[in-house]
Enquirer: 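Questions regarding the structure given below will be posed in turn.
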Amino acid sequence: YEDGLQPVGSAAVTDENECVVFKGEVDRVYGPTPSLLTLCDKKNARTISINKHNFPDAVVWNPWIEKTKGLADMPDEAYRRFVCVEVG
């Protein structure tokens, strides 16, 4: 994946894990990705599927603690219950 938290032009990161675990801010572009993306929410015992068509990549983003505090439309603790997945 391309790590948006690293300087532009940084080498892509190879991740052997099937799951993204959030332990801090995340801003990544994965690609190419399959047409079916799956979010596994272990805490709430649920799985969310995203079907995408004609878009090769997927962006995964979580602002974490400090950036969440700067977002007017998001409560300070929302980073614990929030993930953004976009296709691109």
Side-chain angles (χ1 to χ4, degrees):
Y1 61 85
E2 295 175 32
D3 191 338
L5 303 177
Q6 299 303 314
V8 173
S10 293
V13 178
T14 301
D15 190 351
E16 301 299 324
N17 298 316
E18 279 192 26
C19 298
V20 177
V21 177
F22 297 91
K23 297 180 180 177
E25 183 181 357
V26 171
D27 186 1
R28 301 175 182 170
V29 178
Y30 290 89
T33 58
S35 59
L36 177 64
L37 305 176
T38 305
L39 299 176
C40 301
D41 180 356
K42 292 181 181 179
K43 182 177 180 184
N44 294 303
R46 65 183 176 166
T47 300
I48 301 167
S49 297
I50 301 170
N51 287 298
K52 63 185 187 75
H53 301 283
N54 299 321
F55 292 98
D57 301 332
V59 177
V60 177
W61 177 72
N62 181 291
W64 211 245
I65 299 167
E66 291 305 314
K67 286 189 179 175
T68 300
K69 290 178 182 178
L71 298 172
D73 60 344
M74 192 177 282
D76 288 352
E77 296 296 314
Y79 73 94
R80 296 177 185 264
R81 301 176 311 276
F82 167 85
V83 61
C84 177
V85 179
E86 304 172 38
V87 299

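Position 1 is the first residue of the sequence, and the numbers go up from there.
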Enquirer: Assigning hydrophobic clusters by single linkage (Ile, Leu, Val, Met, Phe, Trp, Tyr; side-chain heavy-atom cutoff under 4.5 Å), is F55 placed with Y30?
Expert: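 No; tracing contacts between hydrophobic side chains, which count when under 4.5 Å, never links both residues.
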Enquirer: Once rounded to the nearest 0.5 Å, what's the spacing between atom CZ of R81 and atom CG of D41?
Expert: 12.0 Å
Enquirer: Give a yes or no on whether the backbone of L39 and the side-chain of S49 come within a donor-acceptor separation of less than 3.5 Å.
Expert: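 Between the backbone of L39 and the side chain of S49 there is no qualifying donor-acceptor contact (under 3.5 Å).
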Enquirer: Between atom NZ of K52 and atom CG of D57, what is the distance when rounded to the nearest 0.5 Å?
Expert: 7.0 Å
Enquirer: Tell me whether M74 shares a hydrophobic cluster with V85, the cluster being built from Ile, Leu, Val, Met, Phe, Trp, Tyr side chains joined at under 4.5 Å.
Expert: no
Enquirer: Test ring pair (Phe, Tyr, Trp, His ring centres under 6.0 Å) on F82 and W61 and set out the steps.
Expert: CA-CA 9 Å; F82 167 85; W61 177 72; 5.4 Å; yes
Enquirer: Assigning hydrophobic clusters by single linkage (Ile, Leu, Val, Met, Phe, Trp, Tyr; side-chain heavy-atom cutoff under 4.5 Å), is V83 placed with Y1?
Expert: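 Linked, V83 and Y1 end up in one cluster.
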Enquirer: Among the clusters formed by ILVMFWY side chains lying less than 4.5 Å apart, do V60 and V13 turn up in the same one?
Expert: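 As far as the 4.5 Å side-chain criterion goes, V13 and V60 are connected within one cluster.
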Enquirer: Within the distance-only criterion (no hydrogens, no angle test), does the side chain of N17 pair as donor or acceptor with the backbone N or O of C19 below 3.5 angstrom?
Expert: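 A pair under 3.5 Å: no.
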Enquirer: Looking at every non-hydrogen atom in both residues, tell me the closest pair between L37 and A58 and how far apart they are.
Expert: CD1-CB, 3.8 Å
Enquirer: Do you know which two heavy atoms are closest between N62 and Y79, and how far apart they sit?
Expert: ND2-O, 3.0 Å
Enquirer: How long is the gap from NZ on K69 to CH2 on W64, to the nearest 0.5 Å?
Expert: 12.5 Å
Enquirer: Might you point out which heavy atoms bring T38 and T47 nearest each other, and give the distance in Å?
Expert: CG2-CG2, 3.1 Å
Enquirer: If you take all heavy atoms of P63 and L71, which pair is closest and at what distance?
Expert: CG-CD1, 4.1 Å
Enquirer: Looking only at heavy atoms, which two atoms of P56 and G88 are closest? And how far apart?
Expert: CD-O, 3.2 Å
